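The structure under discussion appears below in the form of structure tokens.
What you see is a predicted model; the values in this text were computed from it and never measured. Counting from 1, the numbers follow the sequence of the chain as shown.
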Amino acid sequence: MSAEIVKLRRNFRLHLINARDEGAHDFVKQIDAAGFDLNQGMAIIYQSRIYIGDEALALIAALSDDRRIWGWIVHHIFKSRTRSRVMYPFLRAFRNGLLKLKGVRPIDMKAMPRDR
């Protein structure tokens, strides 16, 4: 699932970051310092806290605008941590399969520039 297709409530600013882009280094460094490999799933920084994997999925659901059909579906399915925890590995595997089919290489966490 892409955060692009989920409309978040209007009072949140969402910055989607492609960790493969050069401008993503600060984000990637924060996630790496937390001990998480972005190749293993999604991460969100919200209110200075890092949410990883199924916890990030549940956060997206909690913040999604449930007045629209797709937001309603996401909100009601994934707002449950248990459902997010059960379904996340399947969603991650699907995403990783699509990336492999498209020929997208894994993120090289070691190649990211460190503090200068």
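- Counting all heavy atoms, side chain and backbone alike, His76 lies closest to Lys79 at CD2-NZ, 4.0 Å.
- Residues Ile60 and Tyr46 are not in side-chain contact: their nearest non-hydrogen atoms beyond the backbone lie 4.5 Å or more apart.
- In terms of modelled atom types and a separation under 3.5 Å, the side chain of Arg92 and the main chain of Asp54 share no donor-acceptor contact.
- Between Arg20 and Val104, the closest side-chain pair of non-hydrogen atoms falls below 4.5 Å.
- Residues Ile44 and Ala56 approach most closely at CD1-O, 3.6 Å, considering heavy atoms.
- Two residues are said to be in side-chain contact when any heavy atoms from C-beta on lie closer than 4.5 Å; Asp37 and Ile31 fail this criterion.
- Considering CD of Gln30 and OG of Ser48, their distance stands at 8.5 Å, rounded to 0.5 Å.
- For Ile77, the side chain to side chain contact (heavy atoms under 4.5 Å, CB included) criterion is met by Ile73, Met87, not counting sequence neighbours.
- With contacts defined as side-chain heavy-atom distances shorter than 4.5 Å, the pair Tyr88/Val86 does not qualify.
- Side chain of Asn39 to main chain of Ile107: a donor-acceptor pair is present (N/O by atom type, distance under 3.5 Å, no hydrogens or angles).
- No continuous path of ILVMFWY side-chain contacts below 4.5 Å connects Phe94 to Met42, so the two sit in separate hydrophobic clusters.
- Ser84 places a side-chain N or O within 3.5 Å of a backbone atom of Phe78 that can act as its donor or acceptor partner.
- Counting all heavy atoms, side chain and backbone alike, Arg81 lies closest to Ala58 at CD-CB, 3.5 Å.
- Comment: Asp32 does not engage Lys29 in a salt bridge, judged by the lack of any side-chain N to carboxylate O separation of less than 4.0 angstrom.
- Atom CG of Leu59 is separated from atom CD1 of Ile52 by 12.5 Å, given to the nearest 0.5 angstrom.
- For Arg49, the side chain to side chain donor-acceptor pair (under 3.5 Å) partners two or more places apart in sequence, or in a different chain, are Tyr51, Glu55.
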